Q: 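Sharing a structure below in structure tokens format, with a few things to ask.
Please read all numbers here as calculations on a predicted model, not as lab measurements. Quick note on labels: first sequence line is chain A, next is B, and so on, each numbered from 1.
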There are 2 protein chains.
Amino acid sequence: MEARVVTLKDVAREAGVSPKTVSRVVNDDPAVNGKTREAVAEVIRRMHYVPDHAARMMRMSHSSVVGLMTDAVATTPYSVDIIRGAQSGLREQARTMLIANTDGDPEQEQEYWQMFRAHKVAGVVYATMYHRPVDLGAPDFERGVVLANCYSARRSHASVVPDDEGGGYTQARHLIELGHRRIGIVSLSPVLRATVLRGAGYRTAFAESGLFYDPSLDVPGFITRQDGGEDLVAYDTALGLLRRTDRPTAIICGNDQIAVQVYAAAATLGLSVPDDLSVMGFDDMAIITHTLKPMLTSVALPYFEIGRTAVDILSRVNGESEGPVAQQVLVPCPLVVRQSCRQLV
Amino acid sequence: MEARVVTLKDVAREAGVSPKTVSRVVNDDPAVNGKTREAVAEVIRRMHYVPDHAARMMRMSHSSVVGLMTDAVATTPYSVDIIRGAQSGLREQARTMLIANTDGDPEQEQEYWQMFRAHKVAGVVYATMYHRPVDLGAPDFERGVVLANCYSARRSHASVVPDDEGGGYTQARHLIELGHRRIGIVSLSPVLRATVLRGAGYRTAFAESGLFYDPSLDVPGFITRQDGGEDLVAYDTALGLLRRTDRPTAIICGNDQIAVQVYAAAATLGLSVPDDLSVMGFDDMAIITHTLKPMLTSVALPYFEIGRTAVDILSRVNGESEGPVAQQVLVPCPLVVRQSCRQLV
DNA sequence: GTGAAAGCGCTAACAG
DNA sequence: CTGTTAGCGCTTTCAC
């Protein structure tokens, strides 16, 4: 059954035209007679002809494939949506995606850069699990590179990151609008960029409303150990916050996982969410937000949009589309209101 | 700076040998003098030569790229590990992966099959989010196809699926070994294959130990609506179970999300886990198992292994490696013991 | 509008 | 052990 794959030539012979004409039809070259085009298209369909990507790529010396390099994105529930977003954008551009997961290993990363070069990929989206600065291992990569969820401290590459500061602002602002004046914060590890940026957002929102930012109400939910591991301490720190005589009426969480701990701490003290305590999450992970009772109000990390935007920018970087090249894009983090925050009378 | 890419010929000229010799070095053909090889390798390194994948592929008429088609795997926290596993296997085979996410849309799937053909992929791993039967849209696809987390009812393709029955057995067995005799079950939607298979596992374990399987102790945690959506009813059904005068000493959950609800129901009734109630999860999703207090004992869905095994089988299906072709592979679901199940005295 | 010729970068098949 | 020749399937260039 080793049926030879049908080629351009086969189609040409069958259709009684030259290979070049078939090529023109395949590539939507307008310089083909309408009738000829139809006839050829018919033969193509009938013979199930599919253009050989390799041959085409060789001739055109670049591919319609985009490389996606990730440290652990494909690996984590948090950020897979970057991939989906990228895919969605590429589909519209009739391109496809070669995926490389480095697990954070520089050696693997080096290998994959090589591979991307070998494949002559049209560009690379470099995505990270955490929002952080990166220093690319392949400064000599010829094609466009766009960073997703990370950025180049030296600004050597375009990047797309979540607007963490805006997200923090949104968290605080929503609670303030609901009438809360005494707001606790259980944040992510202080070593994370997100923590710093969101902190700035909280402060702006507080200041706007004449609220005093009280550092003693801002406690860590995770602590990064020397060895790089993380300890989830949110239950205890939240408990501390809630045991105060002047306990906050609302708590802003660094992520939804922390919110779970805050719920638990509240339950331990017999406090009800949202009656006695409003809780605001971050990330909007469905698996948590929908599982908690009451369902968690959260600010979403727009991973899909990030992936999507990254490939859009990529096509511009490579000069294949119109518009100015955006060096840094901040994607907004939208508020998703559910039942964990209540209006204070 | 539009520096032309360095080719085999360039390297050959520079090294003073024929192109074919360079080709031999690149491909580790033993028929090359050690000294020549060293010299050529040196030039390759110096000139940053990377073999052109397209040209190579064209000549060899098949690619080193494997296609991964998924409905929503890349999309969900549950099953991304299939991708990681596949990637890990491919890396060892020095291959790479083209990824296609159909979002369950048959039209997209059709498009992507075309694309895989155009790329002359060496084979395709077809992965689904849920363990379920599939009917492939591309019966005429020439290369090997291996199903991951799904299977062909007509047995037309090799498949790799989790051993749900064994997993159910493991859940029940562990509790029985801890001395539990009265075991409740809060399962996934009864329409799911996993539910049926695990049910068989429970029964086997019960029967083995002379335990009576009481249907009234087996309640749904999710209910599938007519429109295909799912309602999480585990909190209420678990409450029902725990309010019985002859309440179970342990509950087996259909997944970790259900376990969260069971914890909540127990808390509502003032029951402590694991002192008053042992809870057994399924899936072993770190984000849940580690967040719950006490941490959840669960049976893992071996997604990584499934992806990994799928590409291993693929290389055999294509006759590129030794060993008999396995038509159906059941990957075991290992028990992960944490603190939510206790020994009954 | 259409076709003929050339060649992209590589490797299979054969010589030497 | 090494080199030569040919050609994979397509697109570019330039004729017609």
Q: Please report, rounded to the nearest Å, how far the P atom of D/dG3 is from the CG atom of B/Asp29.
A: 13 Å
Q: Quick one: A/His119 NE2 to C/dG9 C1', roughly how many Å, whole number?
A: 15 Å
Q: Grab the CG-P distance between A/Asp10 and D/dG9 for me, whole Å please.
A: 8 Å
Q: Taking B/Asp105 for its side chain and B/Glu107 for its backbone only, find out whether a donor-acceptor pair lies under 3.5 Å.
A: yes
Q: Measure the distance from CZ on A/Arg13 to C1' on C/dT2 and round it to the nearest whole Å.
A: 19 Å
Q: Partners of A/Arg132 by salt bridge (charged side-chain N to carboxylate O under 4.0 Å, His left out), sequence neighbours excluded?
A: A/Asp71
Q: I'd like a list of close polar pairs between nucleotides 11-14 of chain C and the protein, N/O only, cut-off under 3.5 Å.
A:
residue : atom : partner : partner atom : Å
C/dT11  : OP1  : B/Asn27 : ND2          : 3.2
C/dT11  : OP1  : B/Arg56 : NE           : 2.9
C/dT11  : OP1  : B/Arg56 : NH2          : 3.4
C/dT11  : OP2  : B/Ser23 : OG           : 2.7
C/dT11  : O2   : B/Arg59 : NE           : 3.4

Q: Could you tell me whether the side chain of B/Ser23 and the main chain of B/Pro19 form a donor-acceptor pair under 3.5 Å?
A: no
Q: Please report the distance, rounded to the nearest Å, between CG in B/Asp52 and P in D/dG9.
A: 16 Å
Q: Starting from P on D/dT11, measure out to NZ on A/Lys9 and report it in whole angstrom.
A: 14 Å
Q: With sequence neighbours excluded, what pairs up with A/Met60 under the side chain to side chain contact (heavy atoms under 4.5 Å, CB included) test?
A: A/Arg56
Q: May I ask you to decide whether A/Glu42 forms a salt bridge with A/Arg45, counting only side-chain N to carboxylate O separations under 4.0 Å?
A: yes
Q: Do the side-chain N or O atoms of A/Thr7 get closer than 4.0 angstrom to the phosphate oxygens (OP1, OP2) of D/dG9?
A: no
Q: Give me the ring orientation class for B/Tyr151 and B/His131: parallel if the planes are under 30° apart, tilted from 30 to 60°, perpendicular past 60°.
A: perpendicular
Q: B/Thr21 or A/Met58: which one's nearest nucleotide on DNA chain D is closer to the 5' end?
A: B/Thr21
Q: Is A/Thr36 close enough to C/dT2 that one of its side-chain N or O atoms is under 4.0 Å from OP1 or OP2 there?
A: yes
